[in-house]
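Nothing here was measured: the structure is a model prediction, and the numbers come from that model. Numbering of ligands and ligand atoms starts at 1, following listing order.
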Amino acid sequence: MATYRIITYGCQMNERDSETIAGILAGRGYRKAAEGEDPDIVVLNTCCVREGAERKVLGKTQELKALKTTHPQAIIAVVGCLSQQPGVAASIMKKMPHVDIVLGTHNIERIGEALENVAALRHPVIEVLDQETVPPEGLPAVRAPGVRAWVTVMYGCDNFCSYCIVPYVRGRERSRLPGEIKAEVQRLVDEGFKEVVLLGQNVNAYGKRLGTGQDFADLLREVDSVRGLSRVRFMTSHPKDFTQKMICAVRDLPTVCEHIHLPVQSGSNSVLERMNRGYTREQYMDLASRIRQAMPDCSLTTDIIVGFPGEDERGFAETKDLVRQIGFDAAFTFLYSPRKGTRAASMPGEVPQETKKARISQIIAIQNEITQRKNRDLAGQVFEVLVEGPSERDPSVKAGRTRQNKMVHFRTSAPAGSLVSVRVTATGTWTLRGEVVGEGSPPTT
Ligand code: SF4
């Protein structure tokens, strides 16, 4: 039986697309190559959001040349965001003639036909479409094992943040129909998944062009009603589209977890304006405070870009101040790197790399201190935890997450997928330790 290997870069949307690619290949009789086995087809599902990711993809593509020497019939496919960028497909084919297939983001489901054509004609296939579509419903998928499944609810983004390449490679916002999403979630629950993560570049814009009048809060309500589902999460939220109705939906719907990932990117109004984020520092802080007011136990996490063009000492100080004032549960921090084709790439005021590095270290130190303090406050409290399986670091204990997305390690005989009540007994920056004090969710007061 022919074998495949899929190497995925970037975000969860790409992880989800790779599950579809695996499903299509499995449907054509391929099986996943074992560790150390030379596969018959390698698919690189690529990312170009950050310079580092792009470099890695190109390095890996180059490296795969060696596979063709030991296994000349092997097929190499480069698909996804990087390939969708103008001129990249032609450049790959010119510089790396060992690549057989290049597909963009709008037609990854064509991988099966592309493979057939390459195998029959031994001629490269390049299909990078400008036309934005919603992929056909019902495509097969080989889901990553576990208790959690990813469900894409919308594609693309209309926001054009000045540093971001996504709207150019993923196109404008297109939403799936709520009925199709609900049916997929029901199928996943019937297959044994307990938690779903609803995915989109900006899930709060869900439904805008559907013409049904339904928004993301309405979609959450639909998904919450799926029989047998334990938990719903969603990402990513854009602060400017996060409505009060959304806050109420997260607060009121039993399966929707109290964790909101809300990228702020900067605490400086002038930087936010140049980033074209569509909100001010004050509006963001007001939103965070309304979320906390409605749900005092809701965890808030964020993304921060350090060293955006024109970020001066004052602007950076405003970001540090915002991080301290909000007290995020966690922050994912990134050094700004220009992406060709975006507006920010030609903005003046480049911040030296050394300054960026010094600033990111400061932000990380501040956030780590906050995270540790917030985690320390959890000691002694009891949380509902969804058992995920043995901990990767210490398989003698189980790992699971609270509704607030905190990872906890504990001993239990309860199988993966069970909900247990866990009392936190020790805390660190990244994980908590605990003891099981009961089955299911802790009683509410
Ligand atoms: S919201 Fe901004 S950062 Fe997020 S995908 Fe859209 S353009 Fe990119």
Side-chain angles (χ1 to χ4, degrees), residues 9-17 45-54 80-82 84-86 104-106 132 134 150 152-176 197-209 215-216 233-243 246 260-281 283-284 287-288 300-311 319 328 331-347:
Y9 298 87
C11 64
Q12 282 80 11
M13 304 274 292
N14 269 14
E15 295 287 348
R16 176 66 196 89
D17 285 347
N45 190 6
T46 65
C47 173
C48 59
V49 165
R50 279 174 242 293
E51 204 182 6
E54 185 172 325
C81 292
L82 180 64
Q84 187 70 37
Q85 283 186 284
T105 53
H106 303 311
E132 298 161 6
V134 173
W150 311 102
T152 304
V153 300
M154 62 180 295
Y155 303 89
C157 180
D158 285 358
N159 286 315
F160 289 93
C161 298
S162 62
Y163 52 84
C164 183
I165 196 79
V166 165
Y168 304 95
V169 292
R170 288 268 178 184
R172 300 297 87 72
E173 290 164 1
R174 288 101 65 207
S175 300
R176 291 176 66 200
V197 186
L198 307 182
L199 296 176
Q201 303 292 348
N202 173 14
V203 285
N204 309 105
Y206 173 83
K208 267 190 196 163
R209 300 212 188 109
D215 61 14
F216 190 59
R233 299 185 188 278
F234 55 89
M235 65 193 301
T236 292
S237 294
H238 195 301
K240 80 172 166 51
D241 294 319
F242 208 102
T243 59
M246 264 299 296
I260 299 171
H261 185 66
L262 199 61
V264 65
Q265 308 301 12
S266 171
S268 152
N269 278 339
S270 65
V271 172
L272 287 172
E273 199 181 331
R274 285 199 303 286
M275 286 178 164
N276 194 32
R277 289 292 287 172
Y279 54 84
T280 61
R281 164 195 178 89
Q283 285 166 332
Y284 185 94
L287 173 60
L300 265 186
T301 55
T302 200
D303 294 337
I304 294 170
I305 296 173
V306 172
F308 188 77
E311 182 194 70
T319 300
F328 293 106
F332 300 90
T333 47
F334 305 93
L335 294 179
Y336 169 75
S337 70
R339 306 312 295 130
K340 213 170 126 208
T342 62
R343 276 203 294 130
S346 55
M347 280 184 187

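Residues R50 and Y9 have side chains that never bring a donor and an acceptor to within less than 3.5 angstrom of each other.
Every ring pair (Phe, Tyr, Trp, His ring centres under 6.0 Å) that Y168 has, sequence neighbours left out, goes to F160. Applying the ring pair (Phe, Tyr, Trp, His ring centres under 6.0 Å) test to F328 and every residue at least two apart in sequence or in another chain returns nothing.
Under the 30°/60° scheme for interplanar angles, the aromatic rings of Y284 and Y279 are found to be tilted.
Among protein atoms, those of element N, O or S found less than 2.8 Å away from atom 2 (Fe) of ligand 1 are C161 SG.
Nearest to atom 3 (S) of ligand 1 among the protein's heavy atoms is Y163 OH, 3.5 Å.
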Open item on the list: Is there a side chain to side chain contact (heavy atoms under 4.5 Å, CB included) between M13 and V166? Walk through the geometry before answering.
Closed with: CA-CA 12 Å; M13 304 274 292; V166 165; over 6 Å; no
Sequence neighbours left out, cut at 3.5 Å: what donor-acceptor pairs do the side chains of residues 300-310 make with other protein atoms?
| unit_1 | atom_1 | unit_2 | atom_2 | d |
| --- | --- | --- | --- | --- |
| T301 | OG1 | H259 | NE2 | 2.9 |
| T301 | OG1 | H261 | ND1 | 2.8 |
| T302 | OG1 | L262 | O | 2.8 |
| T302 | OG1 | V264 | N | 2.8 |
| D303 | OD1 | H261 | NE2 | 3.0 |
| D303 | OD2 | H261 | NE2 | 3.3 |

